[in-house]
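We name chains A, B, ... by the order of the sequence lines, and we start the count at 1 in each one.
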There are 2 protein chains.
Amino acid sequence: MFEAAELGRKVSREEFDALAPDLRTELLDLQQQLRGADFPVVIVFAGVDGAGKNETVNLLNEWMDPRWIVTRAYGPPSDEERERPEYWRFWRDLPPKGKIGMFLSSWYHHPFVSHAMGETSPAEMDEDLARIVRFEKTLADEGALILKFWMHLSEKAQKKRLKKLEEDPLTKWQVSETDWKHFKLYDKFVGAAERLIMKTSKGHAQWHIVEGADPRYRYSVVLSTVRDAIVRHLETRAVARKVAAEMKEVPAKKAKPAALGGQPSILSSLDMTSSISGDDYNRVLQECRGRLSTLHRQAKQQGVSTVLVFEGWDAAGKGGTIRRLTNALNARDYQVIPIAAPTEEERAQHYLWRFWRHLARSGRVTIFDRSWYGRVLVERVEGFCSEEAWRRAYGEITDFEDQLVRAGTVLCKFWLHITPEEQLARFNQRGEIEYKKWKLTDEDWRNREKWGDYEAAVNDMVEKTSTSMAPWTLVEANDKPFARVKVLTTVCDALEAALKGKKS
Amino acid sequence: MFEAAELGRKVSREEFDALAPDLRTELLDLQQQLRGADFPVVIVFAGVDGAGKNETVNLLNEWMDPRWIVTRAYGPPSDEERERPEYWRFWRDLPPKGKIGMFLSSWYHHPFVSHAMGETSPAEMDEDLARIVRFEKTLADEGALILKFWMHLSEKAQKKRLKKLEEDPLTKWQVSETDWKHFKLYDKFVGAAERLIMKTSKGHAQWHIVEGADPRYRYSVVLSTVRDAIVRHLETRAVARKVAAEMKEVPAKKAKPAALGGQPSILSSLDMTSSISGDDYNRVLQECRGRLSTLHRQAKQQGVSTVLVFEGWDAAGKGGTIRRLTNALNARDYQVIPIAAPTEEERAQHYLWRFWRHLARSGRVTIFDRSWYGRVLVERVEGFCSEEAWRRAYGEITDFEDQLVRAGTVLCKFWLHITPEEQLARFNQRGEIEYKKWKLTDEDWRNREKWGDYEAAVNDMVEKTSTSMAPWTLVEANDKPFARVKVLTTVCDALEAALKGKKS
């Protein structure tokens, strides 16, 4: 794979000096065009030690305007990072639309080095790489331009390079013992690199293998590749926008409500008469609260995080249920995140970014009042995103949740279900009670008219995202007490199972 | 001081039940009004262990809508927090406009406990408290409503309370050894509390001492105080907005350019013919870069952070100077922050919040291309903030910088100065060079017309914020090479001094 990157290719000083001024001007100019663009640029630099990753990143920063560039390298995770899923640190560093993010090794570091050092099996490495592919795919699908450079050196060239760095007192510090240790495993590293490149070079995020021996050659290749890719991506996106605009003109075909035409749907199979009597409710609620309070304290001590997702019809009682739940928790340890329209900073990022940013440190409870499922509910029904985008979202969401659960987070998802008749009764009641009036908006009435569309969306959502790792709990919520008890019990059971699993 | 909080005041269950429903409705209703308000609410709970801080915060969360509340308690700082100035963790948790932030002990914890335990002298405690006063004042000045509750128990009541908690297996965990250790120092804690309340109870952030023995009494006092304070603040702010609107109608009196009328000003005293010849420039620049590169590496190793502020006339050469500087640094260790109009999330916070959020972890270099000085420059000249606000800002800014420097950060501030003639020449040149055209906007021409106003603002700024801890470096920038060398040399000298100071 690396034969072509060991040919000793060079660019002379004269050639480079002839090429440099224009290239530089073009890059600066492209950065200005980028500032108004609807996508970020993510550039990854990885490869052999001493092949010039650092120098190339420095040159790009030197030639371009560093104000619109974010450069990130990663040492051992901070304690705040260790307490979240592994990719949290990468998500929080992603550049917003219009900016360039340069990432040194980053998400490739761990899979690459640990496989080369023999710490992971091929199967484990492949799993790590598959996650990378999904991560980059989800960024690219939202428009990100992803460029990846693998800086290569032949064994001989690497040795020469490390020696040369060591000889110069000014660059001596750049060579560590680890570098030499890695060098002794050159073949292993090359093997790991081949596997890595094979598995993660995709149309939307290709690897460019760069011969790193000659700085001028390396710079010329990287810089012109960056330039060309940005130019092409700007054009591609412009075309995509045009197509999308034209598609909007075409009236969307209404999906036939097949499953709902007589056939039982997931929601229609719920027993909406479920209820609990007043006395039972008070007793059971007290029991649940005591249980939750104890479990929550244990989870806090053991660093087990909880994420709760609440979705449901307007007036289904999300707020009241959440309050019954938080009453049993210590206010310092939970946070309720109401999800409404995204802020300006959130709009400049991938749609999942705003949820990643709210993940709390270990032992905390994060409660989402509406969530990432907005993508496949309101955004789907109201046409706020393209059909392709919400269809894709199911996979993106299960992947996100998979990362949460693997990091040890207890995740519960609730759909609070009421019948249209019950909703109407509650709307009318809201209009009458002074301090509940604010809760009732015109939008609620409009949403109500689209009941059928929403019902279809909910059925799809449950079908496609209720996994054994992160199942949906459908809550019969015509009777509020019943719903509250069911939610609290579910949370308690999930916490108990997680704590038991941890002990054993 | 606490006599009135040891009277054994109680509220009966009947009284409380009579009062509760209305109070609760009012609080919920106020939260809705708050959502559209132009200020945040900051509530601090501190006081004696066992006096019900936690329970009160929980009740507030229970009665109000937790979606618009942020509750924060603080354990030992995380490593990311330890690497920044002490107050960074509090700044990042501040609620935005329209929300309520509840803070348990928080910034009062350290000054209070360490003084009570005899670890700090009265003078040291007073210094800590003075910083709190400045912190709360700067929040209040920007509109924040600050409420502080000191929960008190008599010695007897505290003992009783701790024993009672210990007896119940459900609450036993709440009592730690530390609580009993503190209890044995009851008198010391009361002494420290008195001093704390005396020094930090201000008109804009008053302490309310609450007798904590009876939960119903405690809840009634706190909840009705919160209600009344929010009601009053909403009214006060409405009046303030009206007055501000009326003030805008009154034509502002132009300040006489007194100091500039013939008298030498700080800027006019600069030798604007300063320059450096081409050969010297290249040699010195290379030397500087080498020196900076070495110093930067040492600073990284020793965890010394650097913050550089660049201000100056349009076209004074900030960008070019910054690039000469970053070239000597490792791209992974610096970040250039361009300061333009604040984002939506930034506008919902105190104007200094957006700078606090960018402070980097230890050993990094953060470069602000324009900065918090916008408040006393563009915002002053263009009337984007009130005269009172920018006049107040000098103190707020020096306080902010003081915290940076005390945390060990190397701080350099540069004003790049050019003459109006030089600016005109550069504007004209920009218009001619293709890839520099974007840099020249109509706003640049408009700003130019206000040269005199800006000059007066710069003179005031330097006069009021050039401190021995954080001096301004005025840079004669008609000759770009001279300016670049002066900036690099200044940064090197400052780093060198800081590293030397650390060693000795």
Is there a side-chain contact between B/Asp93 and B/Val70, using heavy atoms and a 4.5 Å cut-off?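 Side-chain contact under 4.5 Å: no.
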B/Pro77 side chain near B/Trp88 side chain, heavy-atom distance below 4.5 Å: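 SC-SC contact between B/Pro77 and B/Trp88 ruled out.
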Contact class of [X] relative to chain A, heavy atoms under 4.5 angstrom:
{"X": "B/Arg35", "result": "side chain"}
{"X": "B/Ile367", "result": "neither"}
{"X": "B/Ile69", "result": "backbone"}
{"X": "B/Gln335", "result": "side chain"}
{"X": "B/Asn58", "result": "both"}
{"X": "B/Arg324", "result": "neither"}
{"X": "B/Asn330", "result": "both"}

Flag the one option from [options] with the top tally of heavy-atom pairs under 4.5 Å to chain A.
{"options": "B/Arg67, B/Glu346, B/Met102", "value": "B/Arg67"}
{"options": "B/Ser293, B/Ala348, B/Gly319, B/Ser78", "value": "B/Ser78"}
{"options": "B/Leu104, B/Val336, B/Val57, B/Asp79", "value": "B/Asp79"}

Is A/Ile337 close to chain B through its backbone or its side chain, or both, or neither, when contacts mean heavy atoms under 4.5 Å?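 Neither part; nothing is under 4.5 Å.
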Please state whether the rings of B/Phe90 and B/Tyr74 are parallel, tilted or perpendicular, taking 30° and 60° as the class boundaries.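 Geometry flag for B/Tyr74 against B/Phe90: perpendicular rings.
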In terms of the angle between their ring planes, are A/Phe149 and A/Phe45 parallel, tilted or perpendicular, with boundaries placed at 30° and 60°?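 Aromatic pair A/Phe149/A/Phe45 classed parallel.
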Could B/Arg92 and B/Glu81 be called an ion pair, given the rule that one side-chain N must be under 4.0 Å from one carboxylate O?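 Counted as a salt bridge, because a side-chain N and a carboxylate O are separated by less than 4.0 Å.
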Check A/Arg357 with B/Glu345, please: is the shortest side-chain N to carboxylate O separation under 4.0 Å?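 Yes, charged N to carboxylate O under 4.0 Å.
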Among the listed options A/Leu60, A/Ile322, A/Thr71, A/Leu59, the residue most often paired with chain B at heavy-atom distances under 4.5 Å: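 If we count pairs closer than 4.5 Å to chain B, A/Thr71 comes out on top.
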With chain B as the partner, which of A/Asn327, A/Asp369, A/Asp333, A/Asp65 has the greatest number of non-hydrogen pairs under 4.5 Å?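 If we count pairs closer than 4.5 Å to chain B, A/Asn327 comes out on top.
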B/Asn61 and A/Thr326: side chain donor to acceptor below 3.5 Å: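 Side-chain D/A pair, B/Asn61 to A/Thr326: absent.
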Report the distance from atom CG of B/Asp29 to atom CZ of B/Arg227, rounding to the nearest 0.5 Å.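 Separation between the atoms: 12.0 Å.
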Go through the structure and list residues passing side chain to side chain donor-acceptor pair (under 3.5 Å) with B/Arg323, not counting sequence neighbours.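 If we apply the side chain to side chain donor-acceptor pair (under 3.5 Å) test to B/Arg323, skipping adjacent residues, there are no hits.
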